[in-house]
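Structure record follows, encoded as structure tokens.
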Amino acid sequence: MLVKRGIAVSPGIAIGPALVLGADVFRIPQRFVSVDAVDSEVDRLRVAMQAACDEIEHNEQLAREHLGEQYSGIFAAHLQLLRDPKLVGEIEGLVSNRHYSPEYASSFVLKRYARQLQNLGNKYLAERVHDLLDLERNLTRHLLGERRGELEHINQSVIVLAHNLTPSETASLNRNFVQAFATEVGGHTSHTAILAGALEIPAIVGIGAFLNEVSGGEMVIVDGNQGEVIIEPDEATLAEYREAEQEATTKRAKLRSQGVGEAITKDGVRIHISGNIEFPEEAEHCLELGADGIGLYRTEFLYMESNAERTEDEHFQAYCQVIRTMGDRPVVIRTLDLGADKVPGMMKDVFSDATNPELGLRSIRVCLADLKLFRTQLRAILRAAVEGDVRVMFPLVASLTELRQARMLLRDVVEDLEDQGIPFRRDVPVGMMVEVPAAAIRAEEFAREVDFFSIGTNDLIQYTLAADRSDPAVAKYYNTADPAILKLIRMVVTAAADARIPVTVCGQMSSDIKFVPLLIGMGLRHLSVTPQAVPVLKDLVRNMTISQAEEIATRVADFEIARDIESYLRGELKKFSPDAAV
Ligand code: PEP
Ligand code: MG
């Protein structure tokens with residue numbers, strides 16, 4: 001039995017035979033063509049390019065139909081690239097002038113672009129390298145006339161194990177047969193990870209090299225909750241997971257119904273459980289799962305799939321869609337958290353020089369450096385706010401000055417809209433993310449100047465423990481249960497209680513069921529989580545009392561080591577939610 005750990009990007013458990021896809025390297029038969037064959041070779045290149053474009057168009061169509069507009073944008077970008085006259089000219093030029101074979105010329109040019117992108121040292125752009133390599137393989141395959149293992153034609157249950165799955169491959173996975181997938185490369189922000197979540201296929205990425213240890217056909221378990229792949233499990237493990245899988249399936253159907261209604265503890269305290277979204281279309285899903293609102297709308301994703309500046313109207317339309325879907329439920333719109341790993345193509349010049357993007361120009365800093373960008377978004381938020389219960393939230397605030405500057409701009413925008421006679425809501429509550437240690441340490445002062453806090457544990461952990469949240473190499477240092485993190489959360493909760501403002505945890509910590517009793521015991525009454533977690537957490541809340549949760553929080557305060565806290569919490573969880581996968 002072999003156990004491999006990676007980054008869990010889509011929850012769930014699946015068991016089945018492995019289908020192994022290697023790195024898919026094609027052997028290019030020849031480097032040069034004879035002079036008199038050049039014209040026909042250019043023709044062959046054009047035919048292959050057209051075939052590749054047709055295939056991408058087909059994938060775009062599939063993605064649009066099955067997943068929605070925002071995902072099909074990935075393929076639109078591929079198409080744009082493959083039709084780029086500069087790129088096409090470069091490849092054709094190598095065939096015409098240097099007599100390179102079309103296979104060699106296209107591979108040469110696309111790989112060179114990929115290398116250049118990789119050398120920029122920016123993690124988001126590095127993910128785009130996969131898109132270029134995807135194109136390179138596509139084109140080579142069309143030139144060689146080979147058909148790659150047709151993922152969309154899989155007709156039996158499998159677990160896909162691959163070096164990497166490209167966005168097009170992920171979108172074409174047949175959900176009836178592909179039970180889960182696990183890849184050697186990839187991070188949280190890869191398109192593949194985003195698509196896996198949307199498809200609700202259990203998935204793990206960033207495992208590191210492991211394919212040389214499987215040949216295909218072996219029994220495999222993918223535990224998308226824990227980020228574990230178990231190859232050839234022993235009888236006991238297999239039996240354990242089979243049971244868990246079976247129970248999870250039955251439970252999922254039951255849990256959906258548990259999303260309905262309020263989550264009230266056995267001793268009568270309401271816990272608000274909202275959903276986190278990236279795209280407007282996800283609001284519908286949140287509603288189906290019973291979310292009490294949208295606790296975090298990551299608006300920067302509006303910029304991720306496009307190379308164009310977003311207009312005020314585009315912001316406005318996206319926000320209205322979410323607000324209308326949610327009816328009278330609250331919607332927290334977070335202003336753009338661009339930078340670090342979230343850099344849209346058109347802004348790469350702004351960010352490419354950062355020596356350490358996570359500590360560089362990011363988030364509220366970007367907005368305060370580009371007031372036009374910020375103003376556009378704030379206008380759209382205030383205008384959309386007439387449609388429902390909207391709240392605005394600033395990310396990555398580290399100092400009072402930043403918060404005050406942002407609020408000042410908001411006041412300016414109010415005046416502008418008033419002067420222009422445009423309908424808007426002026427009393428939109430203003431909150432901030434607490435995700436930089438400085439903000440947690442000074443929560444008392446910040447609490448006097450905002451209407452609510454939302455604790456972003458994803459960043460709070462990485463900045464407190466100095467461990468990059470998406471770097472698998474330091475994953476073992478990235479400990480949610482570290483006593484330093486818990487201490488900061490307590491400080492924020494106390495400051496919020498003293499100032500009588502609500503506080504939410506919207507980082508992944510609150511989607512991790514074992515931490516929920518602790519968070520409630522620490523005084524949290526609002527959580528915002530990955531949509532799939534909403535019904536599970538509502539069920540948990542209804543099975544516990546506040547005094548039980550407080551007892552857990554008191555006990556945890558005595559522990560010194562993150563690992564001990566986690567195992568204690570796992571044990572405690574069984575008391576309220578014996579079936580929960582942790
Ligand atoms: C966080 O940092 O916890 C958070 C919710 O924001 P994001 O994951 O978008 O950085
Ligand atoms: Mg954050």
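The structure presented is a predicted model; accordingly, all values stated were derived computationally and were not measured. Indexing begins at 1, ligand by ligand and atom by atom, following the structure's order.
Donor-acceptor pairing under 3.5 Å is recorded for the side chains of Ser363 and Asp337. Gln462 and Asp459 share a donor-acceptor pair across their side chains, judged by distance under 3.5 Å alone. Side-chain polar atoms of Gln377 and Tyr319 form a donor-acceptor pair below 3.5 angstrom.
Taking the Mg ion (ligand 2) as reference, the nearest N/O/S atom within Glu435 carries the name OE1. When the Mg ion (ligand 2) is compared with the N/O/S atoms of Asp459, atom OD2 turns out nearest.
Applying the side chain to side chain donor-acceptor pair (under 3.5 Å) rule to pairs touching residues 440-449 yields Arg404-Glu449, Arg442-Glu445, sequence neighbours excluded.
Around ligand 1 you find Leu296, Arg298, Arg334, Asp337, Lys342, Arg362, Met433, Glu435, Gly456, Thr457, Asn458, Asp459, Arg469, Cys506, Gly507, each with a heavy-atom distance below 4.0 Å.
For Arg383 and Phe316, the positive end sits near the middle of the six-membered ring, less than 6.0 Å away and at most 45° from its axis.
Taking the six-membered ring for Trp and the full ring otherwise, the centers of Phe559 and Tyr568 sit less than 6.0 Å from each other.
Remark: Asp292 engages Arg270 in a salt bridge, criterion side-chain N to carboxylate O under 4.0 Å.
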